[in-house]
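Whatever order the structure lists ligands and atoms in, that order sets their numbers, starting from 1.
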Amino acid sequence: MKYTGTTFRPPFEANSLLLQVTTGCSHNKCSFCTMYRDTPFSVESMEQIEKDLAEARAFAPRARRVFLENGDPFALSAGKLEEIALKIHEYLPDVQTIAMYASINNIRGKTDEELVRLRGLGINELNVGLESGLDEALELMNKGYDSREALYELGRLRDAGMDYGANVIFGGAGPGRLRDNAAATAEILNRTTPYLIFTGTIHADPGCPLYDDIQSGRFIEPTIGEHIDEEELFLELLELDNCLYFGLHPSNVVRMQGWLPRDKEAMLYEVRQTRTRLARRLDERPVRYGEGAILL
Ligand code: SF4
């Protein structure tokens, strides 16, 4: 299988067949992101995709789930995605779901009819880097859309029958706006009903604008206590059925996962217990290492 440059997948796609159809990310401008800074966006040739599928058929002929690489393959035109999906079904007839990273801007480029057609071909459970429902946070993170557009596009996706998983970043609006950030993000999720929420906290590695802003003091990271407060309020406000809350990213203060609504109270208990356990450190700003992991 061919993989070019840096390749990422969400942790919950560990058992999926990873098929590269693009390299890099078509946006590549989020202020906190260094994932594809050195990998220009390009589209893989159908010839190579077919070669990879032939190889995949030899070692995983009964594969049921494919995750398309890389940063936002949903940027491809509906026609191209249809061509890829048909090829996948030709080589791997047991595939039920074709998932991938997608952005709000990618959805905007597809008509309602195209979304329905793609869903019919098994394209589903898109992993959308929504990050926040608060305009100031979206602007700070340079996501390229506002909350109104995100709500509209996610609504169209859901109307087409597609499920989506939302990535959420606590602290994206900076300290002082954590309650607004939690409330606005919970509201957009409650209205667009993701099947999964993948949480993390705002952090940056060298090589992205946010890193420079943190170093120069233009952006102040929230404290450990503020991250806990934001997650508590966010969880309290979520009203979702059958949604996996995946909070195991190393950048989180509280690392936990559970199903909503079943485990909501247990997770809130975990958040409050963490506040008690870290009582002396709540005013500290996180000290981080690889992948934004917080030294606790
Ligand atoms: S966060 Fe996602 S959309 Fe933003 S630059 Fe990184 S890969 Fe691209």
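Panel note: side chain D52, backbone K2; a donor-acceptor pair is recorded below 3.5 Å.
Against a heavy-atom cut-off of under 4.0 Å, Y36 is close to the following atoms of ligand 1: 7 (S). Near N28, the atoms of ligand 1 lying under 4.0 angstrom from a non-hydrogen atom of the residue are 5 (S), 8 (Fe).
Nearest to atom 8 (Fe) of ligand 1 among the protein's heavy atoms is C25 SG, 2.3 Å. Nearest protein heavy-atom contact of atom 4 (Fe) of ligand 1 is C30 SG, 2.3 Å.
Between I107 and R156, the shortest heavy-atom contact is O-NH2, 2.9 Å.
Electrostatic pairing of R9 and E69 does not count as a salt bridge here, judged by no charged N lying under 4.0 Å from a carboxylate O. Ion pair R272/E236 flagged as a salt bridge, since at least one NZ, NE, NH1 or NH2 atom sits closer than 4.0 Å to an Asp/Glu carboxylate oxygen.
In this structure, D72 falls outside the shell of residues with a heavy atom less than 4.0 angstrom from ligand 1.
Within the coordination shell of atom 6 (Fe) of ligand 1, defined by N, O or S atoms under 2.8 Å, C33 is present.
Using a 4.0 Å cut-off between heavy atoms, K29 contacts ligand 1 through its backbone alone, with no side-chain atom that close. Within the 4.0 Å heavy-atom criterion, neither part of Y101 lies near ligand 1.
By the neighbour-count criterion of 12 heavy atoms within 6.0 Å, atom CZ of R64 is sparsely surrounded, having that number or fewer from other residues, nucleotides or ligands.
In this structure, the ring of Y101 has its center no less than 6.0 angstrom from the ring center of F8.
Per-atom contact check: atom 2 (Fe) of ligand 1 does not touch the protein, criterion being a heavy-atom distance below 4.0 Å.
Under the 6.0 Å distance and 45° angle rule, K264 does not count as a cation-pi partner of Y245.
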